[in-house]
Amino acid sequence: MIHAHVTTWFIAIILLFVSYSMQKKGKQKPAKITKMILRLFYILILATGGHLFGIYASSLGSGILTSAVFWKALAGLWVIASMEMLLMKQAKGKSTELFWIQFVVSLLIVLFFGYVVL
């Protein structure tokens with residue numbers, strides 16, 4: 001299940017960059033299609049991540065709320081939110097600098113918890 005989760009994250013990040021570049025070039029219809037596919041991958045990420053969280057939660061019991069797994073899950077939700085907000089702000093023609101910063105910071109936190117702490 002870990003490989004499925006990592007693969008969905010990897011594909012979602014690629015789709016983020018593809019959708020962002022399409023929107024930037026003014027190709028609205030292909031950008032909309034890739035955004036919808038990206039949203040499907042959000043669901044797959046949440047499903048695989050929820051499954052992994054459940055496995056860790058069953059082994060940790062009541063200590064799950066203070067564990068690194070809980071904080072990684074929250075940071076993962078932050079990554080998804082920042083990806084979605086990034087594309088929404090760009091579609092409206094607003095500045096995306098803050099959301100790029102949030103995306104990078106949250107992604108680094110997730111990678112740190114996923115590969116160093118856990």
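The side-chain heavy atoms of Thr66 and Trp71, taken from C-beta on, include no pair separated by under 4.5 Å. Side-chain contact between Ile80 and Trp9 is present, with at least one heavy-atom pair separated by less than 4.5 Å. At least one side-chain heavy atom of Leu107 sits under 4.5 Å from a side-chain heavy atom of Ile13.
In this structure, the separation between CZ on Phe103 and CG on Leu98 is 14.0 Å, given to the nearest 0.5 Å. Atom CD1 of Ile2 sits about 11.5 Å away from atom OG1 of Thr7, to the nearest 0.5 Å. Distance check: Gln102 CD to Thr96 OG1 gives 11.5 Å after rounding to the nearest 0.5 Å. One distance of note links CD1 of Ile101 with CG of Leu86; it measures 11.0 Å at 0.5 Å rounding. Atom NZ of Lys24 sits about 13.0 Å away from atom OG of Ser19, to the nearest 0.5 Å.
A donor-acceptor pair under 3.5 Å links the side-chain atoms of Thr48 to the main chain of Leu44, judged by distance alone. Thr34 places a side-chain N or O within 3.5 Å of a backbone atom of Ala31 that can act as its donor or acceptor partner.
Looking at every heavy atom in both residues, Leu38 comes nearest to Met83 through CD1-CE, 3.9 Å. The minimum heavy-atom distance linking Tyr20 with Gln90 is given by the pair O-NE2, 3.1 Å. Taking both residues in full, the closest heavy atoms of Ala68 and Val117 are given as CB-CG1, 3.5 Å, listed atom of the first, atom of the second, then distance. Residues Lys72 and Gly114 approach most closely at CE-CA, 3.5 Å, considering heavy atoms. Nearest heavy-atom pair across Ala75 and Ser106 is O-CB, 4.2 Å.
Using modelled atom types, one finds a donor on one side chain and an acceptor on the other under 3.5 Å when comparing Gln23 with Lys35.
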Requested in this report: Apply side chain to side chain contact (heavy atoms under 4.5 Å, CB included) to the pair Met88 and Met85, showing each step before the final yes or no.
Outcome: CA-CA 5 Å; Met88 287 175 55; Met85 290 301 292; 4.3 Å; yes
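Ring planes of Phe17 and Trp100: parallel class, angle under 30° (limits at 30 and 60°).
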